[in-house]
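Everything on this sheet refers to the single structure shown next.
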Amino acid sequence: MIKEKNKKIKIDVDQLAFYYGKKQALTDISLKIPEHEVFALIGPSGCGKSTFLRTLNRLNDLIHKTKVEGKIEIDGQDIYNPNVDVVQLRKSIGMVFQKANPFPSSIFDNVAYGPRANGIKDRKKLREIVERCLRQAALWDEVKDRLKAPGTSLSGGQQQRLCIARVLAVEPDVILMDEPTSALDPLATAKVEDLITELKEKYTIVIVTHNMEQAARISDQTAFFLNGVVVEAGPTDRLFTNPTKKETEDYITGKFG
Ligand SMILES: Nc1ncnc2c1ncn2[C@@H]1O[C@H](COP(=O)(O)OP(=O)(O)OP(=O)(O)O)[C@@H](O)[C@H]1O
Ligand SMILES: [Mg+2]
């Protein structure tokens, strides 16, 4: 299969450093994330994967005494520029967490929440959005007869797909996922993985995973993090079959981590 060359770079990270107080959690990270690809972040616990993910939608801003250096551009715009509307930024970058976190409301209302917050009131329009997003999240057939049931009444895997539908409803163009399948059984994991592969046609996806088979299955590129630095990044097939750094090889062959 011939890989498409010259894909547009969606997220351009240049010499990023990040600090929690005096503690430096990320050092000199430069990565180019092309659009319409799945970009995986792997590495042992505590190496900075989640921290890095949260720098991409400025979610770390909410943590006291943190500091960012370097530059992150999304679509050529410096997202840490003081003029950036952070609320708008977070709307364009959806996030899915390790533990599915549906709102304590119905399946319908979970998905309709974002559109309503954006001022859409028309019932018919909301129904259309909810159906479209639940279909896109491969959940519609399982829930179409019980849209008024609480989101929390769904199985773990269904809840995670509901959270993905909720993200899609705000029409993001980047989706960040932090170990979205780590709490799911193999069948539910497979469904979410299939979904991620479908979603990349429309979105750019950055996913943290501890599961190297998962990274190999679904991602186009992978970055290996260790102690807050990117040891190696590149096409997933190459990184897993022919790593250039000893640390990468040791990690992917299970020598540590
Ligand atoms: N809110 C915080 N305040 C202070 N230090 C933090 C905070 N969150 C994370 N850290 C520290 O930053 C470093 C990176 O943590 P991070 O959560 O990004 O790692 P991770 O790669 O996602 O790990 P895991 O695989 O366990 O989720 C760790 O040393 C962690 O202790
Ligand atoms: Mg983490």
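What you see is a predicted model; the values in this text were computed from it and never measured. Whatever order the structure lists ligands and atoms in, that order sets their numbers, starting from 1.
Nearest protein heavy-atom contact of atom 27 (O) of ligand 1 is Glu179 OE2, 3.7 Å. The protein heavy atom nearest to atom 14 (C) of ligand 1 is Gly46 O, 3.4 Å. Summary of contacts: the protein heavy atom closest to atom 19 (O) of ligand 1 is Gly48 N, 3.3 Å. Remark: minimum distance from atom 30 (C) of ligand 1 to any protein heavy atom is reached at Lys23 CE, 4.5 Å. Summary of contacts: the protein heavy atom closest to atom 26 (O) of ligand 1 is Ser45 OG, 2.5 Å. In terms of protein heavy-atom proximity, atom 22 (O) of ligand 1 is closest to Ser50 OG, 2.8 Å. The nearest heavy-atom contact from the protein to atom 18 (O) of ligand 1 is Thr51 OG1, 2.5 Å. Closest to atom 25 (O) of ligand 1, if we only count protein heavy atoms, is Lys49 NZ, 2.8 Å.
Checked for salt-bridge contact, Arg217 and Glu213 miss the test: no charged N lies under 4.0 Å from a carboxylate O. One finds a salt bridge joining Glu73 and Lys71 here, because a Lys/Arg side-chain nitrogen approaches an Asp/Glu carboxylate oxygen to under 4.0 Å.
Aromatic ring pairs are classed by plane angle as parallel below 30°, tilted from 30° to 60° and perpendicular above 60°; the pair Tyr251 and Phe224 is parallel.
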(request) Under the salt bridge (Lys or Arg N to Asp or Glu O under 4.0 Å) rule, what do Lys191 and Glu193 come out as? Steps first, then yes or no, please. (result) CA-CA 5 Å; Lys191 284 200 173 175; Glu193 287 185 3; over 6 Å; no
(request) List the steps and the verdict of salt bridge (Lys or Arg N to Asp or Glu O under 4.0 Å) for Arg116 and Asp109. (result) CA-CA 9 Å; Arg116 277 187 180 129; Asp109 287 347; 2.9 Å; yes
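Val167 has its side chain within reach of Pro172: a pair of non-hydrogen atoms, C-beta onward, lies under 4.5 Å apart. You'll find the side chain of Leu31 reaches within 4.5 Å of the side chain of Phe39, heavy atoms only. Within the 4.5 Å cutoff, the side chain of Ser219 has no heavy atoms near those of the Gln214 side chain.
Every atom of ligand 1 with a heavy atom of His210 under 4.0 Å away is listed here by number and element: 25 (O).
Contact annotation: Gly43 has no heavy atom less than 4.0 Å from any atom of ligand 1.
Taking only nitrogen or oxygen atoms, main chain and side chain alike, Cys47 reaches within less than 3.5 Å of ligand 1. Looking at ligand 1, you won't find any N or O of Phe52 less than 3.5 Å from one of its N or O atoms.
At a cut-off of 2.8 Å, Ser50 coordinates the Mg ion (ligand 2) through an N, O or S atom.
The nearest non-hydrogen atom to atom 2 (C) of ligand 1, considering only Phe225, Tyr19, Tyr20, Phe18, comes from Tyr20.
Judged purely by distance below 3.5 Å, without hydrogens or angles, the side chains of Glu201 and His36 never pair a donor atom with an acceptor atom.
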